[in-house]
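Worksheet: the structure to be examined is printed underneath.
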Number of protein chains: 2
Amino acid sequence: MPDALDGFDRKILQLVQRDCHMKAELIAEAVGLSASAVQRRLKRMRTDKIITAEIAVVDRKAIGRPMTFVAGLEIERENYSALAKFRAWADKQDEIQQAYYVTGSTDIILIISAEDVEAYDAISASIMMHHPQIRRINTNVVLNVLKLGLFLPVESEVPGD
Amino acid sequence: MPDALDGFDRKILQLVQRDCHMKAELIAEAVGLSASAVQRRLKRMRTDKIITAEIAVVDRKAIGRPMTFVAGLEIERENYSALAKFRAWADKQDEIQQAYYVTGSTDIILIISAEDVEAYDAISASIMMHHPQIRRINTNVVLNVLKLGLFLPVESEVPGD
DNA sequence: CCTGAAAAGAACTTTCT
DNA sequence: AGAAAGTTCTTTTCAGG
């Protein structure tokens with residue numbers, strides 16, 4: 001497992017998590033390395049899957065898909081095979097942005113994008129239809145997206161280093 | 001508001017939402033345009049804020065921050081000034097990945113990243129301390145991230161076009 | 001106005017020290 | 001790791017539909 005991140009790697013990650021089109025030279029002077037070194041480290045982190053993807057974030061409203069829903073799913077009897085099946089299915093549903101298997105009375109929490117309420121209704125119906133073991137869906141309509149991102153804080157000081 | 005997306009734009013968005021480092025020439029042959037045209041459109045969508053960001057997605061476990069929590073916040077009496085204040089505060093908290101203001105008994109739903117349970121406890125305590133109007137926090141520990149992304153489906157056929 | 005093609009410029013990749 | 005040469009991509013320019 002060749003993934004020991006040092007302080008340079010962490011600083012680089014902190015920057016590209018906000019803007020992955022940032023020029024290597026700019027990153028270099030921010031972290032105190034040469035542009036070559038930065039590129040090398042980025043390449044290594046990509047192949048090592050420390051950076052799992054580099055994606056464009058699109059404005060929901062601009063593309064005519066302004067609504068977001070948070071759905072809480074309750075499963076009849078939780079079992080891992082049902083979970084695996086749900087994961088595989090959810091992967092193919094583009095409307096489902098995120099899916100979390102969680103503790104508590106709710107078993108799965110979904111972040112869902114939809115054109116409007118009717119479109120969401122169709123999606124939730126589809127979920128119920130494809131997964132009989134889901135007992136009920138508790139829906140929260142998002143009135144306002146206060147913050148949106150996938151940023152993870154990366155402490156520069158490594159505890160065990 | 002100069003943002004009328006045609007079929008080409010939508011196809012481009014569908015691709016760069018999955019990989020924004022994709023070469024213009026590759027996108028070009030996928031959508032049926034020249035590389036120049038693709039670059040022009042990308043540039044326009046960036047300045048028009050249809051593409052709001054281009055970010056690197058990092059593996060939680062690789063950076064020593066393996067845990068995710070979904071927190072449901074109940075506010076004493078919802079008012080927009082408190083909401084605006086919360087938004088501004090949440091923006092600065094790197095551990096808070098996402099924040100949704102929602103309908104239902106829960107008022108705000110947070111997606112929070114943490115090193116471990118103790119770190120989460122400190123964050124939730126901090127939330128309570130900074131926002132007296134928050135009555136309680138209902139926490140769901142994420143056992144498994146089934147799907148993670150910010151992808152939005154972009155229909156190629158435009159309804160009113 | 002937007003496309004496509006070629007020239008000019010800038011970035012990334014590789015090699016070497 | 002850094003610097004420079006080599007390669008590739010992006011950006012600009014320009015002619016055409």
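Note that the coordinates shown come from a computational prediction; the quantities given were computed from them, not determined experimentally. Order of the sequence lines sets the chain letters (A, B, ...), proteins ahead of strands, with each chain counted from 1.
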Task: 5' precedence on DNA chain D between A/Leu33 and B/Ala35 (nearest-nucleotide basis) - done: A/Leu33

- [ ] Rounded to the nearest angstrom, tell me the gap between atom CZ in A/Arg44 and atom C1' in C/dT13.
- [x] 17 Å

Task: Check: A/Gly32 main-chain N/O paired with A/Lys11 side-chain donor or acceptor under 3.5 Å - done: no

Open item on the list: Rounded to whole Å, how long is the line connecting atom CD1 of A/Ile27 with atom C1' of D/dA1?
Closed with: 17 Å

Open item on the list: Without decimals, in angstroms, what is the distance between B/Met45 CE and C/dC2 C1'?
Closed with: 14 Å

Task: OP1 or OP2 of C/dC12 under 4.0 Å from side-chain N/O of A/Arg40 - done: no

- [ ] With the side chain of A/Gln39 defined as its heavy atoms from C-beta on, choose the nearest nucleotide among D/dT11, C/dG4, C/dC12.
- [x] C/dC12

Task: For atom CD1 of A/Ile12 and atom P of C/dC12, their distance in whole Å - done: 12 Å

- [ ] Return the nearest nucleotide to the side chain of B/Ser36; candidates are C/dA5, D/dA3, C/dT3.
- [x] C/dA5

Task: Nearest-angstrom distance from the residue atom CD of B/Glu29 to P of C/dG4 - done: 13 Å

- [ ] Can you label the angle between the A/Trp89 ring and the A/His131 ring as parallel, tilted or perpendicular, going by 30° and 60°?
- [x] perpendicular

Task: Integer-rounded Å distance: C/dC2 P and B/Asp9 CG - done: 10 Å

Task: Whole-Å distance separating the CD atom of A/Glu25 from the P atom of D/dA1 - done: 17 Å

Task: Nucleotide nearest B/Ala37 when distance is taken to its side chain, options C/dT14, C/dT3, C/dA6 - done: C/dT3

Task: Proximal nucleotide (of D/dA1, C/dC12, C/dT3) relative to the A/Ala24 side chain - done: C/dC12

TODO: Among the candidates C/dA11, C/dT3, D/dC9, find the nucleotide nearest to the side-chain atoms of A/Lys23.
DONE: C/dA11

- [ ] Flag the pair B/Ile55 / A/Glu54 as yes when at least one side-chain heavy-atom distance between them is below 4.5 Å, and no otherwise.
- [x] no

Open item on the list: If hydrophobic clusters are built from ILVMFWY residues whose side chains come within less than 4.5 Å, do B/Phe151 and A/Phe151 share one?
Closed with: no

TODO: Could you state the atom-to-atom distance from NE2 of A/His21 to C1' of D/dT11 in whole Å?
DONE: 14 Å

Open item on the list: I'd like to know if B/Arg136 and B/Glu74 make a salt bridge, using a cut-off of under 4.0 Å between side-chain N and carboxylate O.
Closed with: yes

Open item on the list: With a cut-off of less than 4.0 Å, is there a side-chain N or O of B/Lys43 near OP1 or OP2 of D/dT12?
Closed with: yes

